[in-house]
Amino acid sequence: MKKFFYILLVALSVMGCNEYQKVLKAPDIGAKFKLGEQLYNEGKYEKANKLFAQIVPNYRGKPQAEKLMYLYSYSFYKIQDYYVAGYQFERFATSYPKSEKVEEASFLAVKSYYMLSPVYSKSQKETKEAIEKLQEFINIYPNSSYLAEANTMMKELVFKLEKKAFEIAKQYNTISDYEAAIRSFENFVFEYPGSTLREDALFYRLDSAYRLAVNSIERKRKERLEIAKDYNNTFKSTYANSEYISDVDEMAMVIEEELKAYSAKS
């Protein structure tokens, strides 16, 4: 009995493939649309996409074009071709601004760009583009049912930029290029004032300033110690209960001792 059902399943599969190939090669655009929609509903998005691609030009200006373009755009999204999906959904929204699907299509367009965003360690060109697209969507649809998801995606994308900037600045600290580290952390704090990495950034800014000061030549040491002291005071007043506070207190002691030595000389 099991063998019989297996043979039947194979036979039906072969028949389905034969039908698909037959419709794919035939000139009947109506048959392609019908089978394409059927395959789409069955989750066979690649096959559906190939059929839709053949008939899109033939349906321009026709009543069925809106439905076809929606399914065609979504089929790209389903097969994870997000570059084309984003483009096609944007095209749909522009072509059918009064469609009941326009908001969904607009959201799926920006979500496609979001899906293209790489890990933070790589170039963030796609991330910046996705942020711009998301902000446009939020501005156009401030009461959208997709707003919560859009805001979540926005936070994730912005954090990637924060993480990228933070790690670059920290790398300068690691390789002892303290002046570059200080500048980078200053830029980070200015550009991302609400970042969850702000505490870490202020600590490593202080650490960089401290190390630069204590390792400076004599004529630059006092000025740099005073800058480090200011950074130290800023950190302690902002993050008194920080996990870094023991290191901060230790740096503060060294800075004070060094500055007292200059006072004594005066």
Might you work through the salt bridge (charged side-chain N to carboxylate O under 4.0 Å, His left out) test for Glu66 and Lys101, ending with a clear yes or no? CA-CA 9 Å; Glu66 181 182 330; Lys101 299 287 189 182; over 6 Å; no

Can I get a per-line list of side-chain donor-acceptor pairs under 3.5 Å for residues 141-152, giving both atom names and the distance, sequence neighbours left out?
unit_1 : atom_1 : unit_2 : atom_2 : d
Ser144 : OG     : Glu103 : OE2    : 2.5
Ser144 : OG     : Tyr146 : N      : 2.9
Glu149 : OE2    : Lys111 : NZ     : 2.7
Asn151 : ND2    : Leu147 : O      : 3.4
Thr152 : OG1    : Ala148 : O      : 3.0

Test question: given the 4.5 Å side-chain rule for I, L, V, M, F, W and Y, name all other residues clustered with Ile175, or answer none. Ile168, Tyr172

How about [X] and [Y]: do any of their side-chain heavy atoms sit closer than 4.5 Å?
X	Y	answer
Met154	Leu157	no
Met251	Val254	no
Met69	Ser95	no

Scan residues 193-226 for pairs that pass ring-ring contact (aromatic ring centres under 6.0 Å, His included), counting only residues two or more places apart or in two chains.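 Sorted pair list: Phe203-Tyr244.
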
Can you pull out every ring-ring contact (aromatic ring centres under 6.0 Å, His included) where at least one residue sits in residues 34-58? Sequence neighbours excluded, please.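 Only Tyr40-Tyr45 qualify under ring-ring contact (aromatic ring centres under 6.0 Å, His included).
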
Aromatic plane relationship, Tyr74 with Tyr70 - under 30° parallel, 30 to 60° tilted, over 60° perpendicular: perpendicular

Indicate yes or no for a side-chain donor-acceptor contact from [X] to the backbone of [Y] under 3.5 Å, with no hydrogens or angles considered.
X	Y	answer
Lys32	Leu51	no
Arg205	Glu186	no
Asn232	Val248	yes

Scan the side chains in residues 76-94 for donor-acceptor partners under 3.5 Å anywhere in the protein, sequence neighbours excluded, and list what turns up.
unit_1 : atom_1 : unit_2 : atom_2 : d
Glu90  : OE1    : Tyr113 : OH     : 3.1
Glu90  : OE2    : Lys133 : NZ     : 2.9
Thr94  : OG1    : Glu90  : O      : 3.0

In this structure, would Tyr120 and Phe166 fall into the same cluster of hydrophobic residues linked by side-chain contacts under 4.5 Å? no

Residue pair Glu162 / Thr196: nearest heavy atoms and the distance that separates them: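 Minimum heavy-atom separation between Glu162 and Thr196: OE1-N, 4.2 Å.
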
Which heavy atom of Tyr96 sits nearest a heavy atom of Ala65, and at what distance?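 Here Tyr96 and Ala65 meet closest at OH-CB, 3.4 Å.
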
Distance only, no hydrogens: is a donor on one side chain within 3.5 Å (strictly under) of an acceptor on the other, for [X] and [Y]?
X	Y	answer
Ser117	Lys160	yes
Tyr231	Glu226	no
Glu167	Gln171	no

Answer yes or no: is there an ion pair linking Lys236 with Asp249, defined by an N-O contact shorter than 4.0 Å? yes

Charged N to carboxylate O below 4.0 Å: is that the case for Arg224 and Glu179? yes

Run the side-chain contact (heavy atoms from CB on, under 4.5 Å) test against Asn233 and tell me which residues pass, sequence neighbours left out. Lys229

Tell me whether Lys47 forms a cation-pi arrangement with Tyr20, defined as NZ or CZ under 6.0 Å from the six-membered ring centre and within 45 degrees of its axis.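 Cation-pi check for Lys47 and Tyr20: passes.
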
Kindly check if the number of other-residue, nucleotide or ligand heavy atoms within 6.0 Å of NZ (Lys164) is above 12? yes

